[in-house]
**Q** 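Below is a structure I'd like to ask you about.
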Protein chains: 2
Amino acid sequence: MNARIDAHGAQLDQVFAALADPTRRAILTMLLEDDMAVTDVAEPFEMSLAAISKHLTILAAAGLIAQEKRGRVKWCKLDPDALRAASVWMQGFGQFEPVNLDAFERFLAAELDDGSATADAAPSPGAEQIPDGH
Amino acid sequence: MNARIDAHGAQLDQVFAALADPTRRAILTMLLEDDMAVTDVAEPFEMSLAAISKHLTILAAAGLIAQEKRGRVKWCKLDPDALRAASVWMQGFGQFEPVNLDAFERFLAAELDDGSATADAAPSPGAEQIPDGH
DNA sequence: CCCATATTCAACCAATCGGTTGACGATTTT
DNA sequence: AAAATCGTCAACCGATTGGTTGAATATGGG
């Protein structure tokens, strides 16, 4: 009877828990620019491929990304629906200014607000910045 | 050098991790209606006062609530600034419709979107369907 | 067919989490 | 002064998390 309720809450659990890790937020930021294969997602990080694979599984379980296997490579793409659900929940606590950003400002905001994408999660050698686009 | 950046990322870590627990989300929903003392926050839940006290400490560390001790009672009030920061981060992933709600609709949204709000948090309506432990 | 590439699986580890209980200090109340 | 109330602290517990390694399972290319 409260299965529906539990499911609903559990989904928020997963989304927020997924977002609570700086590596996973950095991955999302990377996917904001482009769909990527698992190996490419892992490349800028200092941890093992298996660890990144686990992170991607968690992001997919939360509904934050979608994964599609084409050939031997598994492509990861952002799936903002779950983020929207969490965002709506938050907005219940006060209308935050809509923060109307165009595409580029959006990217900048993500880069700055989750500084960890550069500092925490990227390889120390300052080699490749995560979102190497700009 | 990356102290600022780390602080920023760490703050998001704390906010999202705090939101990842249904008990803590339920507490926030309760505080949306009224400031409350620790004992009153704990009353609808099936867990110990000490456990609720820990949850409140986590919420306060994340900046999601503020606590003020008056006499022997410690009052807890919602502090939406940290939520706003997290919300802004999320909006970097796509403009979600601003969801312009008035106060009552806001409460309803919180209740529905986090289905657990009905079961977990709705303090008054007699129902004691608090998340039974586990 | 053989080899390299892409990804996951399985077992393990230390650290953290969410909860309990019982004792405790601080403040009201009687 | 004594007793009750408010809230935290400290120690403990099992479960989960985030990471590691090494082997296994596709799939693709020469």
Side-chain angles (χ1 to χ4, degrees), chain A residues 6 9-10 12-28 31 35-62 64-77 116 120-124, chain B residues 6 9-10 12-28 30-31 35-62 64-77 116 120 130-134:
Chain A
D6 284 353
L12 276 182
D13 287 5
Q14 284 183 294
V15 171
F16 284 127
L19 294 177
D21 185 279
T23 300
R24 288 192 290 262
R25 287 198 308 276
I27 291 174
L28 291 178
L31 293 178
D35 301 355
M36 300 177 78
V38 174
T39 304
D40 296 329
V41 171
E43 189 268 334
F45 295 94
E46 271 179 346
M47 68 189 69
S48 69
L49 182 61
I52 296 294
S53 179
K54 280 190 191 178
H55 281 304
L56 290 170
T57 299
I58 289 170
L59 287 170
L64 290 166
I65 65 169
Q67 293 178 293
E68 180 198 357
K69 196 159 107 187
R70 270 203 309 265
R72 69 179 162 181
V73 49
K74 196 175 202 173
W75 292 93
C76 308
K77 63 174 294 194
S116 65
D120 286 348
S124 43
Chain B
D6 284 352
L12 276 182
D13 286 6
Q14 284 183 293
V15 171
F16 284 127
L19 293 177
D21 185 280
T23 299
R24 288 192 291 262
R25 287 199 307 276
I27 291 174
L28 291 178
M30 292 165 65
L31 293 178
D35 300 356
M36 300 176 79
V38 174
T39 304
D40 297 328
V41 170
E43 189 268 333
F45 295 95
E46 271 179 344
M47 68 188 70
S48 69
L49 180 62
I52 296 294
S53 178
K54 280 190 190 177
H55 280 305
L56 289 169
T57 300
I58 290 170
L59 288 169
L64 290 165
I65 66 170
Q67 293 177 292
E68 180 199 358
K69 196 158 107 189
R70 271 202 308 265
R72 69 177 164 183
V73 172
K74 195 174 203 173
W75 292 93
C76 307
K77 62 173 295 195
S116 64
D120 290 356
I130 304 308
D132 48 292
H134 72 267

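Chain letters run A, B, ... following the sequence lines, proteins first and then strands; every chain starts at 1. These values consider heavy atoms only, across backbone and side chains, with no hydrogens, waters or symmetry-generated copies.
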**Q** Return the value, rounded to whole Å, for the distance between atom CG of A:Asp21 and atom P of C:dT16.
**A** 14 Å

**Q** Considering only heavy atoms of chain B and a distance under 4.0 Å, specify the first and last nucleotide of DNA chain D in 5' to 3' order that meet this criterion.
**A**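 Counting from the 5' end, contacts occupy D:dA4 to D:dA11.
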
**Q** Is any side-chain heavy atom of B:Phe45 closer than 4.5 Å to a side-chain heavy atom of B:His55?
**A** no

**Q** Sequence neighbours left out, what pairs pass salt bridge (charged side-chain N to carboxylate O under 4.0 Å, His left out) with at least one residue falling in residues 66-76 of chain B?
**A**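 Non-adjacent pairs meeting salt bridge (charged side-chain N to carboxylate O under 4.0 Å, His left out): B:Glu68-B:Arg70.
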
**Q** Roughly how many Å is it from CD in A:Glu68 to P in C:dA6, rounded to a whole number?
**A** 17 Å

**Q** Would you check, one step at a time, whether the test side chain to side chain contact (heavy atoms under 4.5 Å, CB included) holds for A:Leu19 with A:Leu28?
**A** CA-CA 9 Å; A:Leu19 294 177; A:Leu28 291 178; 3.6 Å; yes

**Q** Is there side-chain contact between A:Leu31 and A:Leu64, with at least one heavy-atom pair below 4.5 Å?
**A**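 When only atoms from C-beta onward are counted, A:Leu64 and A:Leu31 do not touch, as no gap falls below 4.5 Å.
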
**Q** Starting from P on C:dG18, measure out to CE on B:Met47 and report it in whole angstrom.
**A**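 Taking CE of B:Met47 and P of C:dG18, I get 10 Å after rounding.
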
**Q** Taking only residues two or more places apart in sequence or in another chain, which ones pass side chain to side chain contact (heavy atoms under 4.5 Å, CB included) with B:Ala51?
**A**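 Counting only residues at least two positions away or on another chain, B:Ala51 forms a side chain to side chain contact (heavy atoms under 4.5 Å, CB included) with B:Met47, B:Ser48.
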
**Q** Minimum heavy-atom separation for B:Met30 to B:Asp40, with atom names?
**A** CE-O, 4.2 Å

**Q** CG of B:Leu59 versus P of C:dC17: gap in Å, rounded?
**A** 13 Å

**Q** Who are the side chain to side chain contact (heavy atoms under 4.5 Å, CB included) partners of A:Ala17, not counting sequence neighbours?
**A**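 B:Ala20.
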
**Q** Can you name the residues that form a salt bridge (charged side-chain N to carboxylate O under 4.0 Å, His left out) with A:Asp13, not counting sequence neighbours?
**A**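 For A:Asp13, the residues satisfying salt bridge (charged side-chain N to carboxylate O under 4.0 Å, His left out) (neighbours in sequence not counted) are B:Arg25.
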
**Q** Angle, rounded to 10°, between the helical axes spanning five pairs at each terminus of the helix from C:dC1-D:dG30 to C:dC24-D:dG7?
**A**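 One end axis against the other gives 30°.
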
**Q** Check nucleotides 8-12 of chain C against the protein and report each pair of N or O atoms closer than 3.5 Å, with its distance, or say if there are none.
**A**
unit_1: C:dT8; atom_1: OP1; unit_2: A:Lys74; atom_2: NZ; d: 2.7
unit_1: C:dT8; atom_1: OP2; unit_2: A:Ser53; atom_2: OG; d: 2.3

**Q** Restricting to side chain to side chain contact (heavy atoms under 4.5 Å, CB included), what partner residues turn up for A:Leu56, sequence neighbours left out?
**A** A:Ile27, A:Val38, A:Val41, A:Ile52, A:Leu59, A:Ile65, A:Gln67, A:Cys76

**Q** For every nucleotide of nucleotides 24-30 of chain C, 5' to 3': is a protein heavy atom under 4.0 Å from its base (B), only from its sugar-phosphate (S), or from neither (-)?
**A** ---BS--

**Q** With sequence neighbours excluded, tell me which residues meet side chain to side chain contact (heavy atoms under 4.5 Å, CB included) with B:Lys77.
**A** B:Asp35, B:Ala66

**Q** Considering every strand and a 4.0 Å limit on heavy-atom distances, what is the contact class for B:Ser48: base, sugar-phosphate, or nothing?
**A**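 Base contact.
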
**Q** Nearest whole Å is fine: how far is C:dA6 C1' from A:Trp75 CH2?
**A** 12 Å

